[in-house]
2 protein chains.
Amino acid sequence: MPAKRATVRHLRRQNRSVLLSALFFDGPLSRQELSAATGLSPATASTITAELLDEGLLAEAGSVESDGGRPRVLLRINPDFGRVIGVDVGETGIKVELFDLAMTTLATVEHAIAPGDPLAVSALIASSVRDVVDGALDNVLGVGIGVPGTVEQGSVVHAQTIGWDAVPLADMIRAAGITAPLFIENGAKTQGQAEMWFGAGRGASHVVIALIGSGVGAAVVTDGTLYRGGEWGHTTIVYNGRPCRCGSRGCLEAYAGAEGMLDRYREALGHDVPGSDEQSSVDSLLDSDSPIALEIVAETVGYLGAGIANLVNLFNPERIVLGGWAGLALGARELDRIVAATSAHALRHPYGQTRIELGQLGPDAVAVGAATLPVAALLEAGADPRQARVVA
Amino acid sequence: MPAKRATVRHLRRQNRSVLLSALFFDGPLSRQELSAATGLSPATASTITAELLDEGLLAEAGSVESDGGRPRVLLRINPDFGRVIGVDVGETGIKVELFDLAMTTLATVEHAIAPGDPLAVSALIASSVRDVVDGALDNVLGVGIGVPGTVEQGSVVHAQTIGWDAVPLADMIRAAGITAPLFIENGAKTQGQAEMWFGAGRGASHVVIALIGSGVGAAVVTDGTLYRGGEWGHTTIVYNGRPCRCGSRGCLEAYAGAEGMLDRYREALGHDVPGSDEQSSVDSLLDSDSPIALEIVAETVGYLGAGIANLVNLFNPERIVLGGWAGLALGARELDRIVAATSAHALRHPYGQTRIELGQLGPDAVAVGAATLPVAALLEAGADPRQARVVA
DNA sequence: TAGGCTTATTTTTAGACTCGAACTAAGCTT
DNA sequence: AAGCTTAGTTCGAGTCTAAAAATAAGCCTA
């Protein structure tokens, strides 16, 4: 039942959408190039661009001389048509960033948060949003918010690690006076979206972005669209294995997550791991030459390889992107062995079609990815003229 | 980059498609009901049905009297517009079935095959297709073929269990004189498709169909569309566990597949399992009251639950359909315990949104599912009039 | 410096399509 | 038989894309 009736208006929306997307992703293009890139006739490309220019969504971006012929006028998305905001709600703090439509960072604000107080957090988000736009909220096309948990109907958040249970975040932020459209999504997915648009996922359409931090998550892209689920970390990989904080046993996260890795290290050592915080502890583990540390790292690589192999077998991706702070730290030193471990566990055929790469964006990508949500909505709706704001 | 330009012609195709789909899935409908069901205006519903009636794709199906008003004329897909054929290529034999567009079985042919001889099999498929239509090949809209392996570009088959490596099956069948359009797909997926259209998956749009036979596979439906991959059986569930026939260790299949289950039973018993074939051996295991058998079954339920939980966590389906001959045999006796084991391993939240059910179709569903492939193509393309055959 | 040439856009025109409104068809009730 | 009710069709308006023709804007050459 996904098929939906189409009316003549949908045509224009759809074609506006492909045209806008072509411009967003493939930089400034002339009308002619646009026509070629989208498959639209030059006539249609022309009328649509005229419309979009008129609405202020597009802007001219110089022209390219030719050797004997009318020069092409380049067009691009007008970066100043509106602003988008990305919010990264982490386990210990929030980060709010303001972007223009070229995704250039214009302002950033960070605050620490205490766990378990959604009301305070939503108020903090609202005030930070106001700070970052300096009061000019009417120019904001939307606010994307990445949260460390699952999101229902785009508005209700369940985030165990910060003690949120069925928090109606969208309503709360609106109640705090933010009227711009809100887009709430799992942080792993916003980070995955960022890698897809601007990082290691560019150009591919079947990708798994594996995110390894304190916990373990994954974002799955199939046929170019980001998939909803993705609780890869709580996939059983050792039946009846180590207890996991989720209540089950033998989850991948309990072995390959930073916390699980350090727990195992601690047990093997018989004492605490050096390092002031989790991140430096992981570094010290990875950099240690002691046999115990080497063994723990080798084991981790093995478990991670098996976990990645599961993704390869299930999703048959053309690319696997290894990200997350712990994933990047481990991958920077051990990528070859991770690849080998994956190969040992995966089916030959899907494995032969995939490539494992390191993520290109740091964990800050959560906010960028969150900010892409309103942009994606804009591109997808073809910036429906019926919703377009009048630009004075 | 998935977005594609739209022309005014696509409109009609799309609307023909939704209208045809409504009729296919929701039985005979009047034009008025069609208009309501599809969202099309009565005018458009009328002109499109007129067109389709004219082309022979639709037929009238009586009328419904009303209390004081013009009676509604019911329309349905003309079952005799064309025939479709479903082929089930199994590990020991093939089955070829002929259907009309109401998916009524009109003829069936079965043959045994020897493994490792693609040429003979393709010739056998071709001759069986000819047999089943009694020479009337020009009436056939398409032949769907379910194979026990992976399919590339819809034509090249890799099927380890019958010794096929990169077999260009489509070309071979065409070379054997079958000119009808061919649709080749993994058998687990065709079976899943059958459950979606006619079985336990009806009406849902996020479903995982778990198929447990000698081996283990899954078909994943997201947002109403069947996903490509799905090598669930070779997902690591016991790190460094039992060797699997795929070459890796600890795969789910080595524990929850019929073969793996019987292997473990055999080891525990210390001697062979009673039963003339795999299927009867499984029955005897499931029906036995011996402590060893009970223990093996309980273990299997546990592994299977963990495997299903992985699917729940990863895909967040609204429904899990347990199928395959061994899955049905096990599920018929142990569904409650399978549900409990799944619950023990899955995250509470996605688990709360899912329901586990038994498949409603037997393993014969492979052929039916295969036959749905050309039907799906017909519905999806809206039976493009430019491709429609002229019906004398 | 004026034509000619080349390439890029815009205008014009034709054709396809959906929708709303008016209209016709086909039954039942009184 | 007139009126009522519901089903389906026809017509006109409006939207949209594509192909073709026209125009714009440069370079090159004589």
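All heavy atoms count here, side chains included; hydrogens, waters and symmetry mates do not. If you're wondering where the values come from, they're calculated on a predicted model, not measured in any experiment.
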[X] has an atom [atom1]; how far is it from atom [atom2] of [N], in whole Å?
X: A:Ile48; N: C:dT10; atom1: CD1; atom2: P; result: 13 Å
X: B:Leu29; N: D:dA7; atom1: CG; atom2: C1'; result: 15 Å
X: B:Leu52; N: D:dG8; atom1: CG; atom2: C1'; result: 16 Å
X: A:Leu75; N: C:dA8; atom1: CG; atom2: P; result: 13 Å
X: A:Arg12; N: C:dC17; atom1: CZ; atom2: P; result: 18 Å
X: B:Leu19; N: C:dC17; atom1: CG; atom2: C1'; result: 15 Å
X: B:Arg72; N: D:dG8; atom1: CZ; atom2: C1'; result: 13 Å
X: B:Arg16; N: C:dA16; atom1: CZ; atom2: P; result: 15 Å

Notebook entry, point to check: With a cut-off of 6.0 Å (strictly less than), are more than 12 heavy atoms of other residues, nucleotides or ligands near CD of A:Glu380?
Noted result: no
Next item on the list: Return the orientation label for the A:Phe315 and B:Phe315 ring planes: parallel under 30°, perpendicular over 60°, tilted otherwise.
Entry: tilted
Note to self: If you only use heavy atoms from C-beta on, which nucleotide in C:dT10, D:dG8, D:dC16 is closest to the side chain of B:Val73?
What the structure shows: D:dG8
Next item on the list: Taking ring-ring contact (aromatic ring centres under 6.0 Å, His included) as the test, write out the residues that go with B:Phe24, two or more places apart.
Entry: B:Trp197
So, is [X] close to the [N] phosphate, meaning a side-chain N or O under 4.0 Å from OP1 or OP2?
X: B:Arg13; N: C:dC17; answer: no
X: A:Arg9; N: C:dT18; answer: no
X: B:Asn15; N: C:dT18; answer: yes
X: B:Gln32; N: D:dG8; answer: no

Do side-chain atoms of [X] reach the backbone of [Y] as a donor and acceptor pair under 3.5 angstrom?
X: A:Arg5; Y: B:Ser41; value: no
X: B:Gln191; Y: B:Gly369; value: no
X: A:Asp100; Y: A:Pro79; value: no

Notebook entry, point to check: Quick one: does A:Arg70 reach the base of C:dA8 with a side-chain donor-acceptor pair under 3.5 Å?
Noted result: yes
Next item on the list: Between A:Ala6 and A:Glu33, just flag the one whose closest nucleotide in DNA chain C comes earlier from the 5' side.
Entry: A:Glu33
Notebook entry, point to check: Closest nucleotide of DNA chain C for A:Leu74 versus for A:Val8: which of these residues is on the 5' side?
Noted result: A:Leu74
Next item on the list: For A:Pro71 and for B:Arg31, locate the closest nucleotide of DNA chain D by heavy-atom distance; then report the residue assigned to the nucleotide nearer the 5' terminus.
Entry: B:Arg31
Margin query: Within residues 37-45 of chain A, which residues have any heavy atom lying less than 4.0 Å from an atom of DNA chain C?
Written below: A:Pro42, A:Ala43
Item checked: side-chain contact (heavy atoms from CB on, under 4.5 Å) against B:Pro168, all qualifying residues, sequence neighbours excluded -> B:Asp171, B:Met172
